[in-house]
Amino acid sequence: MLNPPVIERVAAKAFTVPTDAPEADGTFSWNETTLVIAQVEAGGIEGIGYTYSSEAVLPIIHGPLLGAIQQLDAFAIPKAWGAMVAAVRNLG
């Protein structure tokens, strides 16, 4: 059996863009949106994930989340999820 690809690299960037007009959800309003993109490489293949958050999450991605998944089997999604949840459990 072939060795599974392991997570080798994670990079993340945040991009803040202004909205066309003020937006609101009934509890809060905003004039810009921040998109956070994570690039993950395993076995020479790169994939991306994204969320809407703040650039404040970048050190969390590059620190505890990366440490939790680096060298894990890229196809062991439940294991990676559990490791990431455990890594940020006490961050607040």
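Everything numeric in this text was worked out from a predicted model, so none of it was measured.
- Annotation: salt bridge (Lys or Arg N to Asp or Glu O under 4.0 Å) contacts involving residues 4-18, sequence neighbours excluded, comprise Arg9-Glu41, Arg9-Glu46.
- Tracing side-chain contacts under 4.5 Å through hydrophobic residues (I, L, V, M, F, W, Y), one never reaches Val40 starting from Ile77; they form parts of separate clusters.
- Atom CD1 of Ile45 is surrounded by 12 or fewer heavy atoms from other residues, nucleotides or ligands within 6.0 Å.
- In this structure, Thr16 and Thr33 have side chains that are not in contact, with every pair of non-hydrogen atoms separated by 4.5 Å or more.
- Hydrophobic clustering (side-chain heavy atoms under 4.5 Å, transitive across Ile, Leu, Val, Met, Phe, Trp, Tyr) groups Tyr52 together with Ile37.
- Here the shortest heavy-atom pairing between Ala12 and Ile61 reads CB-CG2, 3.7 Å.
- Here the side chain of Thr19 pairs a donor or acceptor atom with the backbone of Asn31 at under 3.5 angstrom.
- Every residue two or more places apart in sequence or in another chain was checked for a side chain to side chain donor-acceptor pair (under 3.5 Å) with Asp20, and none qualifies.
- Considering all non-hydrogen atoms of both residues, Pro64 and Ala87 come closest at O-CB, 3.6 Å.
- Atoms CG and CG, from Leu65 and Leu58 in turn, are 11.0 Å apart once rounded to the nearest 0.5 Å.
- In the displayed structure, Tyr50 atom OH is contacted under 6.0 Å by at most 12 heavy atoms of other residues, nucleotides or ligands.
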### Message
Apply side chain to side chain contact (heavy atoms under 4.5 Å, CB included) to residues Val88 and Ile60 and explain how you reach the verdict.
### Response
CA-CA 8 Å; Val88 298; Ile60 295 169; 3.9 Å; yes

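- The number of heavy atoms from other shown groups lying within 6.0 Å of CD (Glu55) does not exceed 12.
- Nearest heavy-atom pair, Thr34 versus Ala14, reported as atom, atom and distance to 0.1 Å: CG2-CB, 4.0 Å.
- Between Val10 and Ile69, the closest heavy-atom pair is CG2-CD1, 4.0 Å.
- Considering only residues two or more places apart in sequence or on other chains, Trp30 meets the side chain to side chain donor-acceptor pair (under 3.5 Å) condition with Glu23.
- For the residue pair Pro5 and Ala42, the shortest heavy atom distance occurs at CB-C, 4.0 Å.
- Met84 CE to Leu66 CG: the interatomic distance, rounded to the nearest 0.5 Å, is 11.0 Å.
- The CH2 atom of Trp81 sits 14.5 Å away from atom CG of Leu72, with the distance rounded to the nearest 0.5 Å.
- Looking at every heavy atom in both residues, Ser54 comes nearest to Val36 through O-CG2, 3.8 Å.
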